[in-house]
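Treat the numbers as computed from the prediction; the structure is a model and nothing was measured.
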Amino acid sequence: SIADWIHVVKWHPSGNSIAVATLSNYVMVVDLVRGQITKLRDKGGSRAMDWNKDGSLLAVGDLEGDIQIWDGQNQLVASK
């Protein structure tokens, strides 16, 4: 369950998962096939996010203006 305001939801291009960003707490990826939920961020809200064309990267923009890029294994690969 999500105990916060959902701010953004983006379907993965494969249709097998979604990324969910809340306004004040975290971003998570929900694998709809395996029923697995992975938290990418534990603090700070997110204002925007989207997958790249092939779904290999997820970009997340936070409320402070920083951007994080996560790979397909839910590992942080870049932050600015």
(request) Answer with yes or no whether the hydrophobic clustering places V29 together with V77; edges join I, L, V, M, F, W, Y residues whose side-chain heavy atoms lie under 4.5 Å apart. (result) no
(request) Search all heavy atoms of W51 against all heavy atoms of W11 and return the closest pair with its distance. (result) CD1-O, 3.2 Å
(request) Identify the two heavy atoms, one from P13 and one from K53, that lie closest to each other, and give their separation to 0.1 Å. (result) CG-O, 3.6 Å
(message) Just so I know, are the side chains of V20 and V27 near enough to count as touching, which here means a heavy-atom distance under 4.5 Å?
(response) no
(message) If I take atom NZ from residue K10 and atom CG from residue D50, how far apart are they, to the nearest 0.5 angstrom?
(response) 4.0 Å
(request) State, to 0.1 Å, how close E64 and R47 come at their nearest heavy-atom pair, and which atoms those are. (result) N-NH2, 4.2 Å
(message) Please say yes or no: joined through hydrophobic side-chain contacts below 4.5 Å, possibly via intermediate residues, are I69 and L40 part of one cluster?
(response) no
(message) Side-chain heavy atoms nearer than 4.5 Å, only ILVMFWY residues, links allowed to pass through others: does that put L58 and I67 together?
(response) no
(message) For S46, is there any backbone N or O sitting under 3.5 Å from a side-chain donor or acceptor partner on H7?
(response) yes
(request) Rounded to the nearest 0.5 Å, what's the gap from CD1 on I18 to CE on M28? Could you check? (result) 7.0 Å
(message) Has S14 got a side-chain atom pairing as donor or acceptor with N16's backbone, closer than 3.5 angstrom?
(response) yes
(request) Look up atom CG in D31 and atom NE2 in H12, then write down how far apart they are to the nearest 0.5 Å. (result) 9.5 Å
(request) Over all heavy atoms of both residues, which pair between L76 and Q68 is shortest? Give the atoms and the distance, please. (result) CD1-CB, 3.6 Å
(message) Between L32 and I37, is there shared hydrophobic-cluster membership here, with clusters defined by ILVMFWY side-chain heavy atoms closer than 4.5 Å?
(response) yes
(message) Is there a side-chain contact between D62 and V60 in this structure, where contact means two heavy atoms from C-beta onward sitting under 4.5 Å apart?
(response) no
(request) Answer yes if V30 and V33 sit in the same cluster of Ile, Leu, Val, Met, Phe, Trp and Tyr residues linked by side chain heavy atoms under 4.5 Å apart, and no otherwise. (result) no
